[in-house]
Amino acid sequence: QVQLVESGGGLVQAGGSLRLSCAASGRTFSTYSTGWFRQAPGKEREFVAAITWSGTSTDYADSVKGRFTISRDNAKNTVYLQMISLKPEDTAVYYCAERRSAYVTRARHGYDYWGQGTQVTVSS
């Protein structure tokens, strides 16, 4: 059973930066992809970014393209989400998720494992 633990959330002013981490453990398969999603109060969970296990393919939601960067360090079993130029509308609980596939997807149902989330709050 894969366990995912997010960290790095917090309170930041608009225009600031944060780096989220997602540490994985318990993985027994070698082909997988990881995604970041977020959920604001009263809204559905939405796709933010995703990366393949090799790191060679990434995908971003239009709302974060150019501001967020997803990366991974497989030696540390960790995926990162670097966020810059944060806006109040980026405020949400951020979740990482993993799927047993070599391909990324934006679909929530395409992911098999989820973390508990980390809160990101951007003040204006």
Side-chain angles (χ1 to χ4, degrees):
Q1 183 76 2
V2 176
Q3 293 183 329
L4 304 173
V5 179
E6 303 95 334
S7 61
L11 174 63
V12 63
Q13 288 188 333
S17 302
L18 282 175
R19 189 178 79 158
L20 305 184
S21 299
C22 172
S25 62
R27 188 188 301 120
T28 60
F29 43 90
S30 58
T31 302
Y32 52 92
S33 297
T34 309
W36 283 98
F37 290 75
R38 66 186 182 186
Q39 188 167 17
K43 296 188 176 181
E44 291 193 353
R45 194 170 298 188
E46 64 175 3
F47 170 78
V48 175
I51 186 169
T52 54
W53 68 272
S54 63
T56 56
S57 181
T58 58
D59 187 24
Y60 295 92
D62 288 345
S63 59
V64 306
K65 200 170 293 184
R67 299 188 299 121
F68 291 10
T69 302
I70 189 170
S71 62
R72 71 185 314 138
D73 184 342
N74 288 339
K76 296 182 178 180
N77 283 321
T78 301
V79 172
Y80 304 99
L81 186 68
Q82 179 68 51
M83 306 184 294
I84 65 171
S85 302
L86 283 162
K87 305 174 182 180
E89 51 263 44
D90 294 319
T91 295
V93 177
Y94 283 70
Y95 300 89
C96 70
E98 194 166 286
R99 65 193 301 255
R100 299 182 66 165
S101 170
Y103 304 100
V104 298
T105 180
R106 297 187 176 194
R108 286 179 296 171
H109 65 266
Y111 289 84
D112 305 301
Y113 308 99
W114 291 84
Q116 294 300 305
T118 185
Q119 176 71 48
V120 171
T121 303
V122 184
S123 62
S124 57

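Sequential numbering from 1 along the given sequence is applied to the chain's residues. For clarity, every value in this text was computed on a predicted model and none was experimentally measured.
With sequence neighbours excluded, the residues forming a side chain to side chain contact (heavy atoms under 4.5 Å, CB included) with Ser63 are Arg38, Ala61, listed by chain and number. Partners of Gln82 by side-chain hydrogen bond (donor to acceptor under 3.5 Å, both in side chains), not counting sequence neighbours: none found. In this structure, Tyr113 has no ring-ring contact (aromatic ring centres under 6.0 Å, His included) partners at least two apart in sequence or on a different chain. With sequence neighbours excluded, the residues forming a salt bridge (Lys or Arg N to Asp or Glu O under 4.0 Å) with Lys65 are Asp62, listed by chain and number. Under the rule for a side chain to side chain contact (heavy atoms under 4.5 Å, CB included), the partners of Ser54 that lie at least two apart in sequence or sit in another chain are Thr52, Thr56. When the side chain to side chain contact (heavy atoms under 4.5 Å, CB included) test is applied to Arg106, the partners found at least two apart in sequence or on another chain are Phe47, Asp59. With sequence neighbours left out, the side-chain hydrogen bond (donor to acceptor under 3.5 Å, both in side chains) criterion links Arg72 to Thr34, Asn74. Taking Arg67 as the reference, Asp90 meet the salt bridge (Lys or Arg N to Asp or Glu O under 4.0 Å) condition, with sequence neighbours excluded. Remark: Ser21 pairs with Ser7, Thr78, Tyr80 by the side chain to side chain contact (heavy atoms under 4.5 Å, CB included) rule, at least two apart or across chains. Every residue was checked against the ring-ring contact (aromatic ring centres under 6.0 Å, His included) condition with Tyr95, not counting sequence neighbours, and none meets it. In terms of the salt bridge (Lys or Arg N to Asp or Glu O under 4.0 Å) criterion, Arg100 has no residue partners (sequence neighbours excluded).
Separating the CZ atom in Arg19 from the CD1 atom in Ile84 is a distance of 14.0 Å, to the nearest 0.5 Å. Interatomic distance, Phe37 CZ to Glu46 CD, rounded to the nearest 0.5 Å: 10.0 Å.
Its side chain within the 4.5 Å cluster rule, Val79 clusters with Val12, Leu18, Leu20, Trp36, Val48, Ile51, Tyr60, Val64, Phe68, Ile70, Leu81, Met83, Leu86, Tyr94, Val120, Val122 among the Ile, Leu, Val, Met, Phe, Trp and Tyr residues.
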